[in-house]
Structure formats: structure tokens, C-alpha cells
Amino acid sequence: MYDIIVVGAGHAGSEAAHAAGRMGSRVLLITMNMETIAKMSCNPAMGGVAKGQIVREIDALGGMSGIISDKTMIQFRMLNRSKGPAMWSPRAQSDRILFSNEWRLALENNKNVDFYQDMVVDVLVNKGKVTGVKTAMGLEFHAKSVILTSGTFLNGLIHIGRQKFGGGRMGERNSIGITEKLVELGFESGRMKTGTPPRVDSRSLDYTKMEEQPGDESPDKFSFHPTKPLTKQRSCHITYTNPDVHTVLREGFDDSPMFNGTIQSIGPRYCPSVEDKVNRFAERDRHQVFVEPEGWNTVEVYVNGFSTSLPLDIQSRAIKLIPGFENVKIFRPGYAIEYDYFPPTQLKISLETKLVENLYFAGQINGTTGYEEAASQGLIAGINAHRKLNDMEPLVLNRSQAYIGVLIDDLINKGTEEPYRMFTSRAEYRILLRQDNADQRLSPIGYEIGLLEKEQFERFENKYDNIRKLTNYLQATSIAPIEINPILEKKGSTPIPQNYKLDKIVSRPELQLSDLQGVAKINSATANYSKDVLETVEIETKYAGYILREKELVDKMNKLEYIKIHPTFDFSKVKSLSSEAREKLIQIKPETIGQASRISGVSPADISVLLVHLGR
């Protein structure tokens with residue numbers, strides 16, 4: 001008898017098991033293969049736009065994805081530096097093998113986590129409450145709570161051209177039995193599709209024909225805790241398809257499961273296969289291809305942007321027409337995979353199912369994409385399963401607290417009919433949900449629920465004490481024209497005619513805090529503070545007005561739930577709406593703004609557009 005059984009040891013299952021175990025529950029983690037714990041099934045990377053914010057939020061709460069990423073990264077880049085700080089997104093290339101190994105070590109070092117290798121084929125339920133699971137070997141394991149994190153394995157079907165065979169990943173069997181039992185219990189299931197590109201031998205590539213994409217000169221990291229920064233990095237490279245590549249790809253369309261009706265399920269809109277891109281964007285004569293190393297000590301390369309399920313001979317001929325790939329050797333072909341999922345509107349906000357008490361779903365079983373989205377759901381499911389067993393209220397993050405809150409709120413209230421991917425545009429409070437302040441938003445919660453350790457929380461308190469001190473200093477200290485004008489003129493910023501407070505100088509958009517290091521009052525104030533303290537102070541000083549307005553918006557948006565939309569309102573004439581939103585709004589015809597906001601595909605930005613058109 002365990003407190004919690006976690007089924008599946010991907011990113012969701014690993015976070016769920018580790019969190020519940022750290023908080024004190026006795027956990028059994030059941031996986032079909034102990035060698036593939038937290039395996040990066042697709043691209044060898046963590047983070048990216050909005051996804052990087054999620055990894056930092058997981059870290060701030062006390063999860064492990066950020067720490068594991070830092071230990072195993074081979075390159076780091078902060079994306080969107082040219083845009084506002086709400087868009088800055090950390091991303092790391094990872095060593096695929098090291099990532100999985102480090103996760104396994106972390107779980108093995110958690111004294112409350114046990115392991116068992118087998119396939120779960122049945123969920124045991126008695127009087128509407130889960131009681132355990134049954135495995136393919138006929139063993140029954142009992143628990144007070146069960147978390148299903150099955151990834152793409154539920155009745156997984158792999159497609160390469162007209163070939164198709166069962167599998168959860170290439171070379172690994174699929175999972176049979178769980179879907180059938182859940183449907184028998186009354187759950188609604190559906191099918192989704194995702195895909196992956198070929199993996200190739202880097203020794204067969206000509207990198208002189210590609211653009212090098214190095215990491216940041218001063219690489220940052222994900223975790224707010226002390227992990228070692230990168231001292232060396234591996235570069236990625238960029239190349240492009242061309243009309244000759246597209247011509248060969250089109251030859252395989254008749255045999256493509258995407259086009260000949262073999263695949264009926266919906267794939268990720270924002271990560272299309274290369275044949276889908278060629279078909280949908282016929283006017284474009286090239287598409288970007290990212291050449292990403294799989295680790296420090298391997299020649300295997302991930303061909304990002306060339307996801308495909310075309311026949312192997314078509315894949316081979318087409319890829320050799322890409323500059324730098326003329327002599328390429330393919331290790332593994334690209335393929336598509338179909339799998340079962342369960343529409344997440346069947347869940348409570350805690351990720352517990354409505355139909356069966358103490359049964360939780362997390363990850364791709366809920367219709368999401370990505371390691372980061374899965375890991376965050378696993379973390380919340382692990383936390384809430386533990387809390388319910390200990391008679392505590394579930395942890396619910398709202399949309400103004402975290403991207404994790406946006407993710408779960410979208411899933412529970414809007415559902416999804418296509419693989420859900422997080423974007424910054426899905427969050428209406430992006431200035432509040434920055435990557436630099438995830439610990440400010442969530443670490444007090446992580447400590448309160450018992451997931452963040454005392455030493456970790458004390459570091460957080462010390463950091464934000466320093467942020468307050470420096471912010472107060474900038475707001476209280478005046479500077480004379482003679483002290484600052486020479487630097488302002490040098491930087492092309494308007495000189496000051498009289499004494500100004502330092503925060504008014506720092507808030508100028510054309511200036512960076514680093515530009516002012518020649519000013520004695522700035523030097524003396526900033527000398528003893530860390531890079532992350534200086535970054536947060538600068539952002540919050542520059543964007544103070546926007547931050548205040550967004551906090552006010554948090555309060556106002558709660559009042560908009562019942563704003564009526566007239567039945568004759570013509571959504572087709574609102575040109576500022578995204579095409580997806582316009583299509584869904586015309587189809588569903590919501591009666592209120594609140595209802596519109598919960599429709600899958602209608603983003604917070606679309607809601608803002610509607611409010612303007614309604615005079616609000």
C-alpha cells in the first residue's frame with residue numbers, strides 16, 4: 001500500500017513523484033522502462049518562448065526541471081532580448097542522455113520514492129474512488145491516490161509513409177488497457193498526433209554551408225538555486241530547405257499518412273511537419289532548419305524543423321538536398337505518432353478527475369505538448385494528490401500568478417481539441433509573469449506547502465531584501481546635473497536641468513543600468529548586488545507604470561465575466577482578431593466575454609480586442 005502511485009516516468013511523472021515524495025508521501029513510480037526516465041522524446045532542449053518561464057516557475061515552487069536543465073545543458077540562450085522583458089525567455093540545449101540520468105539520480109535520492117518496471121493495464125476503482133493499478137504481469141499495487149502521466153503511449157501508433165505499427169516512441173512498445181478502462185468508467189477520450197524529425201550523423205554534415213548559432217556570451221541558467229553556470233558551449237547551426245527539397249517532398253504526398261487519410265487525429269498547429277509547411281505555405285521557397293547536437297559526447301544530431309512522416313526513401317532524398325546535408329547519414333527516420341488523450345474539461349482545477357476520486361491526470365494525457373507543460377502539470381498533480389491525502393486544500397495558481405496557472409485554467413475551462421502549446425500571448429498579465437521574478441511570485445508558496453527547503457527559501461528572502469534595498473535607494477537618492485549629464489549626452493539621452501531621483505534616470509528606455517556604471521552614486525549602490533538582483537530592479541523600475549496598470553487590470557478583469565455580447569455581433573468584421581479566434585467565435589457564438597475567454601484558440605489578446613469593440 002502506497003500513498004500515491006505515479007504511472008509513467010516522463011517529465012510529468014518525474015516531477016509528480018519527486019514533489020509528492022519530498023512533501024512526505026510514500027510514492028511508487030511505475031514505468032515501462034527504467035532506462036528512459038524523463039527521456040527527451042523529441043528535441044534535446046528545455047525552455048523557449050513562455051516554456052522557459054514555466055521551467056523557472058517549476059524551480060521557484062521547488063520542482064526539479066530547472067536544476068536538471070542547468071546540470072545537463074550544452075548551450076544557453078535568452079530569447080527575445082530585443083523585445084520587452086515580458087518576452088525574455090530562457091532556452092537551453094540539453095545533453096539528452098545526461099538529462100535522463102540526472103533525473104533518475106534525483107528520484108533515487110528521494111527516500112520516499114520506490115520504482116517498478118512494468119506496464120500498467122488497468123486502473124482499480126471501488127465505489128467511485130481509485131484504489132490502485134494492475135500491471136501486465138498481473139500484479140496489483142494499491143494506493144490512496146493515482147496519477148496518470150502516460151505521454152504518447154496510450155494506444156500509440158507510429159506512422160512512416162504507409163507503414164504503421166504500435167509504439168509509444170520509436171523502439172518502445174505502446175500502452176494498452178488504460179484507455180479502455182477509463183472509457184468503461186465513463187471518460188471521454190480522443191486522439192491526437194505529433195511528430196518528430198530524422199536524427200542524423202554530424203560527421204556526415206558540412207557545417208561550412210550553414211550559419212552558426214552560438215550560445216550567449218555570458219550564459220545564464222534556469223534555477224534560482226546555486227547551480228554551476230556553463231563555462232563552454234556547443235553551437236547549433238541553421239540551414240534552409242529549398243524548392244528542390246519541396247519538389248521531392250511533394251512526390252511523397254500520396255503516401256503521406258497526413259494527406260491520404262491514414263491519420264485522422266489533429267497535430268500541433270504551431271509545430272507542423274515539413275510536408276505540412278510545404279503544402280500550407282506553397283508560396284514560400286524555403287523553411288528554416290535548426291541543426292541541434294544531442295549532447296557533449298555524441299555525433300547524433302536533431303534536425304529541428306524537418307519533422308516528417310513521409311516514406312523513408314522520400315525523407316532520405318529530400319534531406320540530402322538541404323545545404324550541408326548532401327552526404328548525410330540518417331540514424332533514425334522521422335515519424336508521426338497518434339495516441340489517446342482525455343479532454344481536460346473532465347478534470348477539476350486541482351487536476352483530479354471529476355469522475356473518479358483521487359485519480360489525477362498530468363501531461364499529454366490532457367492534450368498538451370512539450371516537456372515544460374507536462375512537467376508543470378506533474379508538479380501540481382503531485383502536490384495536490386499529497387495535499388488531499390493530508391486533508392489540505394489544493395494548490396491553485398491563478399492566471400495572474402503563473403503561466404502554470406494560465407495553462408491549467410485554459411485546459412480545465414476551455415479544453416483543447418488540438419495539442420496545446422504555451423505562448424506568452426495566452427497570458428493576459430505578461431508583465432507580471434516574467435522569467436526573472438518567478439521566485440518572487442511562487443517561492444513563498446513553495447516554502448509554505450513544504451516543497452521548497454528552508455535554505456532555499458532563505459536565499460530567496462535575502463535576494464528580495466536586496467531588491468527592496470536597491471529600489472528604495474534609487475527612489476530616495478537625487479543626482480545633480482553635473483554628476484550625470486556627461487554620461488546622458490554620451491548615450492544620446494536628454495540632459496537633466498535640475499536634480500533628479502535616480503529611479504527617473506534608470507527608467508529611461510534608451511539607457512541600461514550598465515550604461516550608468518561611471519556614476520559614483522550608481523557604482524556605490526550596485527557594487528555588492530548580484531546580476532539577477534540588478535536585472536529585476538532595472539526591469540521593475542523601467543516598467544513601474546505598466547506593472548501598476550497590469551495589477552489594476554487583474555482586479556478589473558474579474559468584473560468582466562458577465563459582459564454580454566449581442567446575438568447579432570458580427571465577429572467576421574473584427575479584423576484585429578486572430579484567424580483562429582475569429583473562426584471559433586463565429587462557430588460557437590458566445591453570449592458573454594467570460595464564455596468567449598474560455599474558448600480554445602481565443603487568446604487574452606483577442607479578448608482585449610473584443611472589449612475595445614464593445615466599448616469597454
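For the numbers below, each heavy atom of this structure counts, side chains included, while hydrogens, waters and symmetry mates do not. What you are looking at is a predicted structure, and each value in this text was computed from that prediction instead of being measured.
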> Below 4.0 angstrom, N of the basic side chain to O of the carboxylate: do Lys51 and Glu373 qualify?
Replying inline: yes
> Could Arg56 and Asp220 be called an ion pair, given the rule that one side-chain N must be under 4.0 Å from one carboxylate O?
Replying inline: yes
When you measure from the side chain of [X] to the backbone of [Y], do you find a donor-acceptor pair of N or O atoms at a distance under 3.5 Å?
X	Y	answer
Asn109	Leu105	yes
Ser273	Asp276	yes
Glu372	Gly47	yes
Asp114	Leu28	no
Ser25	Gly21	no
Asp409	Asn398	no
Ser443	Ala60	yes
Asp59	Gly66	no
Thr149	Val7	yes
Arg387	Pro394	no

[Y] versus [X], side-chain donor and acceptor atoms under 3.5 Å:
X	Y	result
Thr536	Asp436	yes
Thr368	Gln377	yes
Ser223	Asp70	no
Glu15	Ser65	yes
Asn366	Tyr420	no
Gln53	Ser89	yes

For residues [X] and [Y], determine if any side-chain heavy atom of one lies less than 4.5 Å from a side-chain heavy atom of the other.
X	Y	answer
Arg199	Glu294	yes
Glu172	Met32	no
Ser603	Arg426	no
Met258	His159	no
Asn33	Gln117	yes
Glu455	Arg459	yes
Lys388	Tyr360	yes
Ile380	Leu397	yes

Is it the case that more than 12 heavy atoms not belonging to [X] sit under 6.0 Å from its [atom1] atom?
X	atom1	result
Ile97	CD1	no
Glu448	CD	no
Glu108	CD	yes
Asn297	CG	no
Met137	CE	no
Gln163	CD	no
Lys463	NZ	yes

If I take atom [atom1] from residue [X] and atom [atom2] from residue [Y], how far apart are they, to the nearest 0.5 angstrom?
X	Y	atom1	atom2	value
Ile408	Leu351	CD1	CG	4.5 Å
Glu140	Lys134	CD	NZ	6.0 Å
Ser175	Met119	OG	CE	5.5 Å
Gln456	Asp439	CD	CG	11.5 Å
Leu442	Glu57	CG	CD	5.5 Å
Arg191	Asp340	CZ	CG	4.5 Å

Mind listing the closest non-hydrogen atom pair of [X] and [Y] along with its distance?
X	Y	value
Leu157	Gly166	CD1-N, 4.0 Å
Phe306	Gln315	CE2-O, 4.5 Å
Ser425	Pro604	O-CD, 3.1 Å

> Tell me the ring pair (Phe, Tyr, Trp, His ring centres under 6.0 Å) pairs involving residues 388-416, sequence neighbours left out?
Replying inline: none
> Can you pull the ring pair (Phe, Tyr, Trp, His ring centres under 6.0 Å) pairs that have at least one residue in residues 361-391, sequence neighbours excluded?
Replying inline: His11-Tyr371, Phe187-Phe361, Phe342-Phe361
>> For a side-chain contact (heavy atoms from CB on, under 4.5 Å) check, start with the C-alpha distance between Arg399 and Asp410, then their side-chain angles and the critical distance, and finish with the verdict.
In response: CA-CA 9 Å; Arg399 300 182 70 93; Asp410 278 354; 2.8 Å; yes
>> Would Ile160 and Met170 count as a side-chain contact (heavy atoms from CB on, under 4.5 Å) here? Give the steps.
In response: CA-CA 11 Å; Ile160 303 175; Met170 184 66 79; 3.6 Å; yes
> Does any pair with a residue in residues 121-132 pass salt bridge (charged side-chain N to carboxylate O under 4.0 Å, His left out), and if so which ones, sequence neighbours excluded?
Replying inline: Asp122-Lys181
>> Phe423: which residues meet the ring-ring contact (aromatic ring centres under 6.0 Å, His included) condition with it, sequence neighbours left out?
In response: Tyr270
> side-chain hydrogen bond (donor to acceptor under 3.5 Å, both in side chains) between Ser265 and Glu338: does it pass, once the steps are laid out?
Replying inline: CA-CA 7 Å; Ser265 49; Glu338 290 184 286; 2.6 Å; yes
>> Let's go through Ile4 and Asn358 carefully: what are the C-alpha distance in whole Å and the side-chain angles of both, what is the deciding distance for side-chain contact (heavy atoms from CB on, under 4.5 Å) to 0.1 Å, and is it a yes or a no?
In response: CA-CA 9 Å; Ile4 298 170; Asn358 292 338; over 6 Å; no
> Stepwise, does the side-chain contact (heavy atoms from CB on, under 4.5 Å) test hold for Phe222 with Ile68?
Replying inline: CA-CA 9 Å; Phe222 280 107; Ile68 302 293; over 6 Å; no
> Do Arg26 and Asp3 pass the salt bridge (charged side-chain N to carboxylate O under 4.0 Å, His left out) test, and can you show the C-alpha distance, the side-chain angles, and the key distance before you say yes or no?
Replying inline: CA-CA 5 Å; Arg26 292 188 63 243; Asp3 294 319; 5.9 Å; no
> Listed by chain and number, what are the salt bridge (charged side-chain N to carboxylate O under 4.0 Å, His left out) partners of Arg421, not counting sequence neighbours?
Replying inline: none
> What residues form a salt bridge (charged side-chain N to carboxylate O under 4.0 Å, His left out) with Glu102, not counting sequence neighbours?
Replying inline: Lys71
